[in-house]
Amino acid sequence: MAPVRVAAVQLAASQDVEANLAACLRLIDEAAAQGAQLIVLPEFCNHLSYYADRDEAHRIATRPGDPFLTAVADRARTHRVYVKINVTHAHPDGRTGGTNFMFGPDGAILGQCDKQTLMGAENDHLDPAGEVGPVLDTPLGRLGMYACMEGVINEVARGLALRGAQVLLNSLNSFATDEASLHIPVRAAENKVWVVAANKVGPLLPEEHLPRLSARLGVPAAWLHGAGESQIVAPDGTVVAKGPRTGEAVVVADIDPSLADDKRRPDGTDIFAARRPELYAPIAAPPQGRRHEPGAATLPVAIVRGDPATVIRETARAAAAGARLIVTTEADPSLLAAALDGTSAHAVTATPTGPVLVDANGEVAHQPLLHPAGSGGAAAPAFTAPDRNAATTTSDADAVRVVQLPWGRLALVSGADSIFPEVFRLAALADADVVAVPFSAVEPWELSLGLPERAAENRLNVVAAAPLEQDSAVFALSPDFTLWTAWQGPFTGRISHPVVTTVPAGQVSGRADVAPAQAANRQVSRRTDLVDGRPWRLVQALTER
């Protein structure tokens, strides 16, 4: 396939619909002048996402064939380009959607879809989608569309990729700086697809109301602006082009959509063929909320790695120094248990058949591997019952076992399973507070993007121990998470990114504190729950082969 030139356009919008349209058309012209064949604009291009009530949102929204959509269609036809835009749209049936439109080079609407997961006040004004968005087969490649909050969790992008999309087009209306640093690029890497993401700049709320809203939210007014950094990301998670943090911009890159057809990792694993949809059924079940009490406020954890003798020695030291949970590279579980003698600590170690949890008395639980590594999709091993404490684990029918410990609920995830976002979603649905992951990274994105995203999108503390020659890390949940509670520290623009403690390559051990109790707080905004807000009715692509 010949290279395709794509553009992500970032712009500011206001409550002036005509001025917003003029900005859209001007920047479409600029992108076309730079040779772009496919142009992506931000979310809510027609009007600020700020309304007095649902009726006002419906009244101001675009309508089929109205001047706003007609002008965008005419511009696509004039330049013979594909244009993806997101607006609030009044549907003929009375619903108001956060709607993506794809205009073709002839100006026709090739596809449209509403946003499946709404963010905060959007729930007051808009209706969520009742069906999945299309995958559009075009001469430029197979395209999928989504918007903003849909990219903060994995299901929408995952579903589009599983249905064949090569290039995902994300329109954002976000002031969160962790969109650009985490949520946007991880969707490319975990699905091995291209992502073209266009974010807003400028105030996201009416300027005359910014002082009042800033005071109410406890967020400096300067942070209530679009975070920019629109970007184009390759299937390995590499950002190939990025816009500035502020100011209008047209971000352009030449891409090869066919690269997204190869889903193999360097170890030979086909990440889609190796999936096990039969295990993911809980993701499609109605929300149940948290069913268990929050864990402890603070849990001291440690990472230990090296040769087996070093692991045993350093585990004993970490336990004696007060670590309650120690995650290690591969070691003999019985020797590891002996190293915990006289302490209340637990340790998780890698074994060839999956991670094992031990305490001073021996093995507590074993998590069998769920996905094969390097086999292109061969069957995974069957479950084996844990040695002890069977009453404290989930049933053998569950894919991810969660063990109730004195400080909270612990899930074990193997390295081969850690690249699958579905596994961590299952852990969150089982009310895990902490996830222990003995792993060995095969690709750089797994530690830099994958594991922090698993913590962020599920509100899970993650303790990840890699071999000595690789970095390891602890990803701890911060209480500074939602705009609907007071922040303890200064607002930094990072909404869900975990606090990262890195154990550098060559360093035998490292320690940090995690917060099991914070896993119970999943409300990223009012009426928006990261776990229960997943589009569970529309995830058939994830749960069916």
Side-chain angles (χ1 to χ4, degrees), residues 265 267-283 311 325-337 346-359 361-405 409-442 446 450-451 454 458 460 462-467 542-543 545:
R265 302 170 81 209
D267 66 359
T269 304
D270 183 311
I271 63 169
F272 280 8
R275 294 177 70 257
R276 299 186 64 199
E278 69 277 9
L279 299 180
Y280 311 148
I283 299 173
V311 169
L325 175 66
I326 303 157
V327 184
T328 82
T329 49
E330 190 168 343
D332 184 316
S334 62
L335 296 178
L336 204 60
H346 288 78
V348 177
T349 190
T351 76
T353 59
V356 170
L357 173 69
V358 302
D359 63 12
N361 296 311
E363 184 172 320
V364 176
H366 170 224
Q367 170 67 62
L369 299 172
L370 301 178
H371 302 86
S375 62
F383 282 109
T384 58
D387 288 350
R388 297 190 297 111
N389 296 348
T392 67
T393 65
T394 56
S395 75
D396 288 348
D398 292 320
V400 177
R401 294 198 176 147
V402 177
V403 182
Q404 180 70 55
L405 296 174
R409 293 173 61 78
L410 175 70
L412 314 179
V413 171
S414 76
D417 295 329
S418 65
I419 63 166
F420 296 92
E422 296 89 345
V423 171
F424 291 83
R425 188 60 107 195
L426 294 175
L429 290 170
D431 284 358
D433 300 314
V434 181
V435 183
V437 189
F439 82 112
S440 179
V442 176
E446 296 169 28
L451 289 172
R454 302 294 84 87
N458 295 292
L460 292 168
V462 176
V463 186
L542 278 67
T543 59
R545 181 65 71 180

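Hydrogens, waters and symmetry mates are skipped; everything else that's a heavy atom, side chains included, is used.
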* Structure fact -> Residues at least two apart in sequence or cross-chain that pass side chain to side chain donor-acceptor pair (under 3.5 Å) with Thr349, listed by chain then number, are Thr328
* With a 4.5 Å limit on heavy-atom distance, are the side chains of Ile419 and Arg265 in contact? -> yes
* Asked: Taking side chain as C-beta onward, heavy atoms only, is Arg275 less than 4.5 Å from Leu542?
  -> yes
* Structure fact -> Here the pair of heavy atoms bringing Ser418 nearest to Leu451 is CB-CD2, 4.4 Å
* If you measure from CG on Leu460 to CZ on Arg425, what distance do you get to the nearest 0.5 Å? -> 9.0 Å
* Asked: Okay, side chain of Gln367, backbone of Ala399: is any donor-acceptor separation there less than 3.5 Å?
  -> yes
* Asked: Within a strict 4.5 Å, meaning less than it, do heavy atoms of the His346 and Val403 side chains meet?
  -> no
* Structure fact -> Applying side-chain contact (heavy atoms from CB on, under 4.5 Å) to Ala465 and not counting sequence neighbours gives Ile303, Val327
* To do: Identify the two heavy atoms, one from Leu412 and one from Val356, that lie closest to each other, and give their separation to 0.1 Å.
  => CD1-C, 4.4 Å
* Structure fact -> For Leu370 and Asp417 the tightest heavy-atom approach is N-OD2, 3.0 Å
* Any side-chain heavy-atom pair of Thr353 and Leu369 under 4.5 Å -> no
* Asked: Atom CG in Leu405, atom CG in Asp359: separation rounded to 0.5 Å?
  -> 8.5 Å
* Nearest 0.5 Å, what's the NE2-CD1 distance between His371 and Ile271? -> 11.0 Å
* Nearest non-hydrogen partners of Phe424 and Arg454, listed with the distance -> CD1-CD, 3.3 Å
* Is any side-chain heavy atom of Asp431 closer than 4.5 Å to a side-chain heavy atom of Val402? -> no
* Sub-4.5 Å side-chain heavy-atom contact between Leu279 and Phe420 -> no
* Heavy-atom distance under 4.5 Å between the side chains of Pro368 and Arg401, does that happen here? -> yes
* To do: Check side-chain contact (heavy atoms from CB on, under 4.5 Å) between Ala441 and all other residues, then give those that pass, not counting sequence neighbours.
  => Phe439, Glu446, Gln470
* Asked: Counting distance only, does the side-chain N/O of Arg409 pair as donor-acceptor with the main-chain N or O of Ala430 below 3.5 Å?
  -> yes
* Specify the closest pair of heavy atoms between Val400 and Ala411, including all atoms of both residues, with the distance to one decimal. => CG1-CB, 4.1 Å
* Asked: What are the two closest non-hydrogen atoms of Thr269 and Ala274, and how far apart are they?
  -> CG2-CB, 3.9 Å
